[in-house]
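Hydrogens, waters and symmetry mates are skipped; everything else that's a heavy atom, side chains included, is used. Position 1 is the first residue of the sequence, and the numbers go up from there.
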Amino acid sequence: MITPRIFPLRTLLPRPSATDVLVWLAGALPLLLLVVLMSTLLALTPAHATNDITCNGQNLLVAMEKDKPTELQAIRDEAAKVPNGSGIFWKIEKQGIAPSWLLGTMHVTDPRVLTMPSGAREAAAAADVVVIESDEILDEQKAGATLLMHPELTMFTDGTSIKDHLDADDLKALEAGLKERGLALAAVARMKPWILASFVALPACEMSRKAGGASFLDKQIAEDAVKAGKPVAGLETMVEQLQAMADLPVDFHFQALIETIALGDKMEDVIETMTELYLSGEIGMTMPMLKAVAPTPEGEDESAYAAFENRIVRDRNLVMAKGSLPHLEKGNAFIAVGALHLPGEEGLVELIRKQGFTVTRAGP
């Protein structure tokens, strides 16, 4: 007989701070496999039929500019130190090869994001190949079948469910958070905690648009390419994305889920702030902003997030850089990946430069 572990918030020590959780979600939300899971679940859940939900998130930096200008300046100062922290649209050049393009994306259906920066849509339309994180998003039925072949990566396979691992208060809060997003706990109870955390973190308006069949930016780019008869290539598979998440300690996943529930409606403001930073091209401000929104208590262990950053961000950056190289060597490629993969000393912009290319900012 298997005895499940209960993860009450009061007794889990050490646990990730709210900072760790917000940054974890910033990195976890872009995982494209969530789109496949959402499509299936929203189709099966009657609650999704209600749905024209308005987004109500507020940009936290606007209030900070008025009430905490010194803290806001500190965020800007920290962001200024991030290599390639400004810009989501980049031109990639090498002598003798046609230029290619790199677009940082948000995997959301927000109409502001779908507009794309000036010149990006034209570059994608003129490219010989469009490259995205995973080309499996073009066939959700096939992608869903692939996920079913690896149930251990997304589901509890030991006979337990999330109900066996959370205390009553946290379970009640989880159920309420899922219901607001058109999902019934019974439909998702066997899913791993990191998937549930991502569902709760997504604004209800985003879930509503997805339920209505809206495409997120990466999928829209890929669909446009297919319509134009262009080849679409992927840099990683959904199974590889899943495995990266599964490689993190399960305790961290449970703790992140609990902290996400505790953040409640604040997540909507966080995601709106991230969206507006994205639209302005100030990706380097994302992490400093998250630290300011939920500061880590002095002396608290940050090793959990360090493990996440290595496995989910840096490792995947290396995979993306390696996978992009054959397309860049041919020239006239349009590459679109999550914007948080672009900045930093080990970000995709810098990694492509190390492969012998000149990479310059082409837009916001």
Taking it one step at a time, do Met106 and Phe216 satisfy side chain to side chain contact (heavy atoms under 4.5 Å, CB included)?
-> CA-CA 8 Å; Met106 283 190 76; Phe216 59 102; over 6 Å; no
Report the C-alpha separation of Glu206 and Thr109 in whole Å, then their side-chain angles, then the decisive distance to 0.1 Å, and conclude whether the side-chain hydrogen bond (donor to acceptor under 3.5 Å, both in side chains) test is met.
-> CA-CA 7 Å; Glu206 177 67 19; Thr109 61; 3.1 Å; yes
Between Asn59 and Glu276, does a side-chain hydrogen bond (donor to acceptor under 3.5 Å, both in side chains) hold up when you go through it step by step?
-> CA-CA 7 Å; Asn59 187 340; Glu276 294 197 23; 2.9 Å; yes
Chi angles and distances behind the side-chain hydrogen bond (donor to acceptor under 3.5 Å, both in side chains) call for Thr275, Asp110 | CA-CA 9 Å; Thr275 301; Asp110 189 317; 4.7 Å; no
Could you walk me through whether Leu185 and Lys179 pass the side chain to side chain contact (heavy atoms under 4.5 Å, CB included) check?
-> CA-CA 8 Å; Leu185 178 60; Lys179 186 175 181 180; over 6 Å; no
Audit row: Tyr278, Val113, side chain to side chain contact (heavy atoms under 4.5 Å, CB included) steps and yes/no = CA-CA 8 Å; Tyr278 170 81; Val113 172; 3.9 Å; yes
Residue pair Glu93, Phe357: steps toward the side chain to side chain contact (heavy atoms under 4.5 Å, CB included) verdict = CA-CA 6 Å; Glu93 297 175 284; Phe357 295 88; over 6 Å; no
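Closest heavy-atom contact between Ala222 and Val232: O-CG2, 3.8 Å. Minimum heavy-atom separation, Met64 to Ala292: CE-CB, 4.4 Å. Across all their heavy atoms, Gln58 and Asp269 have their closest contact at N-OD1, 2.8 Å. The two residues Lys230 and Ala127 have their closest heavy-atom pair at NZ-O, 2.6 Å. Contact record, His341 with Val313: ND1-O, 4.0 Å, taken as the closest heavy-atom pair. Between Leu103 and Pro117, the shortest heavy-atom contact is CD1-CG, 3.7 Å.
Salt bridge status for Arg121 with Asp224: present, with a side-chain N to carboxylate O gap under 4.0 Å. Remark: Lys354 does not engage Glu345 in a salt bridge, criterion side-chain N to carboxylate O under 4.0 Å. Taking 4.0 Å as the cut-off between side-chain N and carboxylate O, Arg316 and Glu240 do not count as a salt-bridged pair.
Using a 4.5 Å heavy-atom threshold, the side chains of Met287 and Val82 count as separate. Under the 4.5 Å side-chain criterion, counting only non-hydrogen atoms from C-beta, Leu61 is in contact with Leu277.
When hydrophobic clusters are built by joining Ile, Leu, Val, Met, Phe, Trp and Tyr residues whose side-chain heavy atoms come closer than 4.5 Å, directly or via intermediates, Val108 is grouped together with Leu138. Hydrophobic clustering, with ILVMFWY side chains joined whenever heavy atoms are under 4.5 angstrom apart, groups Leu153 together with Met191. Leu235 and Leu325 end up in the same hydrophobic cluster when Ile, Leu, Val, Met, Phe, Trp and Tyr side chains are linked at under 4.5 Å. Hydrophobic clustering places Leu340 together with Val270 (ILVMFWY residues linked when any side-chain heavy atoms are closer than 4.5 Å, directly or through intermediates). Taken together through direct or relayed side-chain contacts under 4.5 Å among Ile, Leu, Val, Met, Phe, Trp and Tyr, Leu178 and Phe254 form part of one hydrophobic cluster.
In this structure, OG in Ser324 is found 9.5 Å from CG in Leu351, a value given to the nearest 0.5 Å. In this structure, CD on Glu136 lies 5.5 Å from OG1 on Thr237, to the nearest 0.5 angstrom. Here Ile162 contributes atom CD1 and Lys192 contributes atom NZ; the two are 10.5 Å apart, rounded to the nearest 0.5 Å. The NZ atom of Lys266 sits 10.0 Å away from the OG1 atom of Thr273 when rounded to the nearest 0.5 Å. Taking CE from Met267 and CD from Glu272, the interatomic distance works out to 12.5 Å, rounded to the nearest 0.5 Å. Note that CE of Met320 is 10.5 Å distant from CG of Leu102, once rounded to the nearest 0.5 Å.
In this structure, Thr105 contributes its side chain and Ala336 its backbone to no donor-acceptor pair below 3.5 Å. With hydrogens and angles ignored, the 3.5 Å screen pairs a side-chain donor or acceptor of Glu268 with a backbone N or O of Asn56. Side chain of Ser215 to backbone of Gln220: no donor-acceptor contact under 3.5 angstrom is found. In this structure, the side chain of Asp135 does not engage the main chain of Ala233 through any donor-acceptor pair within 3.5 Å.
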Give the table of side-chain donor-acceptor pairs shorter than 3.5 Å for residues 71-80, with sequence neighbours excluded, one pair per line with atom names and distance.
residue	atom	partner	partner atom	Å
Gln73	NE2	Asp77	OD1	2.9

Side-chain donor-acceptor contacts of residues 83-92 below 3.5 Å, not counting sequence neighbours, with atom names and distances?
residue	atom	partner	partner atom	Å
Asn84	OD1	Arg353	NH1	2.8
Asn84	ND2	Glu350	OE1	3.0
Ser86	OG	Glu282	OE1	3.0
Trp90	NE1	Gly87	O	3.1

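Screening Asp164, Thr157, Asp158 for a side-chain hydrogen bond (donor to acceptor under 3.5 Å, both in side chains) involving Thr160 leaves a single residue, Asp158. In summary, of the residues considered (Glu223, His107, Met238), a side chain to side chain contact (heavy atoms under 4.5 Å, CB included) with Ile137 occurs for Met238 alone.
Sorted by first and then second residue, the side chain to side chain donor-acceptor pair (under 3.5 Å) pairs involving residues 355-364 (not counting sequence neighbours) form an empty list.
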